[in-house]
S.K.: 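First the structure, then my questions, so here it is.
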Amino acid sequence: MAKSKTPRKSSRKTPKPSRRPWFWRLFFRVSLIGLVLLAGWMVYLDAVVTSRFEGRRFEIPSRVYARPLELYDGASVSTTALQRELELSGFRRGDGNKAGSYSRDGNRFVISTRGFRFPDGEEARRRIAFGIYGDRVENFRVLSGDPAPIVRLEPAQIGGIYPTHKEDRILVELDKVPELLPATLMAVEDQNFYDHFGIAPLSIARAMLVNLRAGEIVQGGSTLTQQLVKNFFLTREQTLLRKGNEALMSVLLEWHYEKDDILETYLNEVYLGQAGTRSINGFGLASQFYFGESLNNLEIHQIALLVGMVKGPSYYNPRRNPERATDRRNLVISEMEEAGLIDPSQAARARGLPLGVSEQPSYSENRYPAYIDLVRRHLARDYREEDLRSEGLRIFTTLNPAIQYAAEYAVEETVPRLASGEAREALEAALVVTAKDSGEVLALVGGKDPGFAGFNRALDAERPIGSLIKPFIYLSALAQPDRYTLISPVNDKSFVLEFDDGRRWEPRNYDKKERGEVPLHEALSNSYNLPAVRVGLDIGVDVVAETLQAFGVTSSISRYPSMLLGSVSMTPVTVAQMYQGLATSGFNTPLRTIREVTDSQGEPLNRYPLEVDQVADPAAVHLVQYAMQEVMQEGTGRSAYYTIPEQLTVAGKTGTTDDGRDSWFAGFSGDLLAVAWVGRDDNGPTSLSGASGALPIWSRFMAGVPQHGFSPVVPDGVNYHWVNAERQALTDEYCDNARLVPFIAGSEPDQEVSCSGNLQRRIQGWFEGLFR
């Protein structure tokens, strides 16, 4: 049997397949390129992270405050105005024990103030009690807190100047927030915050497992650092690239900065709600927005709610979804208990409390857009718009909420009654109110819809002022006592002016009548045109123009004779500035809306003190004031007393332009000066005069606020005399036609006329003398 042959194995070993060096070379090169790109990307991300953290992290809006309400024995305030102002400042009606609350029993109030840092120092918390009788505070007492004769309430925030990207926040410092807040935040959102390096792989894995079991996203694994990075630098899109960047930037952030720095930034950055077009960022503002309280005053259940809302501010919005928010809050309270932050009894009590959210946000859009508009223009003198939007300035204004309310009410309630139908729709109005002695703008209404932030007629509607110019014509004349007194006869008779170019001008009285010679005071009180023009031409148009400029008119004035009938155009604010000098006896006081500005920490930056400049002889102004009081008692303004109390002495002047296109009234009491305007934006005619259009608004306003009557001090060099104005002579007090008139010393009449006297007036005077 043949032996089978078996193939002989080759003695040469078959070479193993090579490792393909080209693959490794490619892998190495790709990896190298990847590392280079990653390094470059890291460098870029690092620059992004550090530039934001080491630069200005936040743009903080400027906050605008009303003037603080001062309460003391004798303070002037009505019960209605006080309650309205308390609500405007975010006080809640309750037992009056908790800070930021008040109780009311009829005219009796108990208020627990919150305390507030004013530019001149801290106003401590106090609990006060008092009554209001006849619009005055009585029996004022401090029930708890440091004794003080005067207590200032926290001023209402009336608006803000916000960053262009629509974010709003109140910055807080980590070492000044309640310890329970960051502790709760970490217990709920990131228990290992102080241990990880920006990301927590175990937390991410645990969250993934929980979510897989639940079949939906029920738990997140992001650290606080990652959340901050997402809000601070990235978008909310759910992509791997964004998640990768988030992780890298979190590590970089932790590499560069301390944990406390990151946590503090988180507290100020986190999104916690929406107010109109602006987002509520940070716990500081959220505390004000939802509870009307500063962060340091929050209780356990309130902290729990805010921390719970981090997961979904809209979903857990306590105002819109209170049940959902309550469940979330209680879950956070349980986690606080589990973490040992509160004991079981505290947890049980906190779960049993209502949410405690204020009904209205202690925050709003600019409540008074026309007024804020004027504030911004005044601020523009000293601050850049960019700084106003980003530096967190605190601006303390002169706005008086009670006066502003009365001004708005007067406009809204009166304008619809001035006309009907289409004419009513076309009518617009403006009202400016200032403090008579200080020039502080207390209220400003820019249109018949005060809440509309549109065309601001108080500031921008330049309209002819009509007869409002007449007090300044006569002031210019009375400053020359050797030529004019209040009883100087002036001719109320028509005349024609012919100019060199052949044009003719023939002024007329409003009622088209002529009265012959009339005393100067009567010409002013009844607003006769012809005597005013004659006097103005006699003393010179230039002199009148200079008087207007001395009283604060900065725009150019066309020095034509028609100017003497008020063809010069001004805004209501300019008119208020001009009349301020008349109200203060010739002392020009620039109108101001700002008292002080501080930085975000409360350090004073600018003060705007009272400025006074004497621009006219007080004696001559006193004579004009006398005639302006006569306007209200006997002249074109007398219908005001259908509305205002008879005992409130006031002085004022009407103004009307051709075809009723502009209806004006400017006047003052002992405390307030107000200028009202009514007209149409298209400059169309109306059926109104100064007395039938602007005066009703002015009167309605004056009747709505407590104040003192106008009682001017007689300046040196002015003496009162009984005179017979028609005969230009001194006379006896009890004579018919006798009038007590002020004269600048030396200008009184030389002549004297006597009379047998009116028996009834003599008897009346005798009895009056007994009681003087």
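The analysis underlying the following values was restricted to heavy atoms, covering all of them including side chains, and did not include hydrogens, waters or symmetry mates. Residue numbers start at 1 and run along the sequence shown.
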S.K.: Take a 6.0 Å sphere around CZ of F455 and say whether it holds more than 12 heavy atoms from other residues, nucleotides or ligands.
M.R.: yes
S.K.: If you measure from the Lys or Arg side-chain nitrogens to the Asp or Glu carboxylate oxygens, is any gap between R700 and E413 under 4.0 Å?
M.R.: yes
S.K.: Taking everything shown except Q480 itself, do over 12 heavy atoms lie less than 6.0 Å from its CD?
M.R.: yes
S.K.: Quick one: is the NZ or CZ of R595 closer than 6.0 Å to the six-membered ring centre of Y608, and within 45° of its axis?
M.R.: no
S.K.: Please check if atom CG in D482 has more than 12 non-hydrogen atoms from other residues, nucleotides or ligands closer than 6.0 Å.
M.R.: yes
S.K.: Verify the neighbour count for atom CG of D658: are there more than 12 heavy atoms of other residues, nucleotides or ligands below 6.0 Å?
M.R.: no
S.K.: Got a second to check how far L740's CG is from T731's OG1, nearest 0.5 Å?
M.R.: 12.0 Å
S.K.: Any chance CZ of R727 has more than 12 other-residue heavy atoms, nucleotides or ligands included, within less than 6.0 Å?
M.R.: no
S.K.: So, for Y579 and F472, is the gap between ring centers shorter than 6.0 Å?
M.R.: yes
S.K.: Knowing that exactly one of H378, R377, R376 qualifies, which makes a side chain to side chain donor-acceptor pair (under 3.5 Å) with T593?
M.R.: H378
S.K.: For D501, I'd like to know if atom CG has over 12 heavy atoms of other residues, nucleotides or ligands within 6.0 Å.
M.R.: yes
S.K.: Which heavy atom of E646 sits nearest a heavy atom of Y641, and at what distance?
M.R.: O-CE2, 3.6 Å
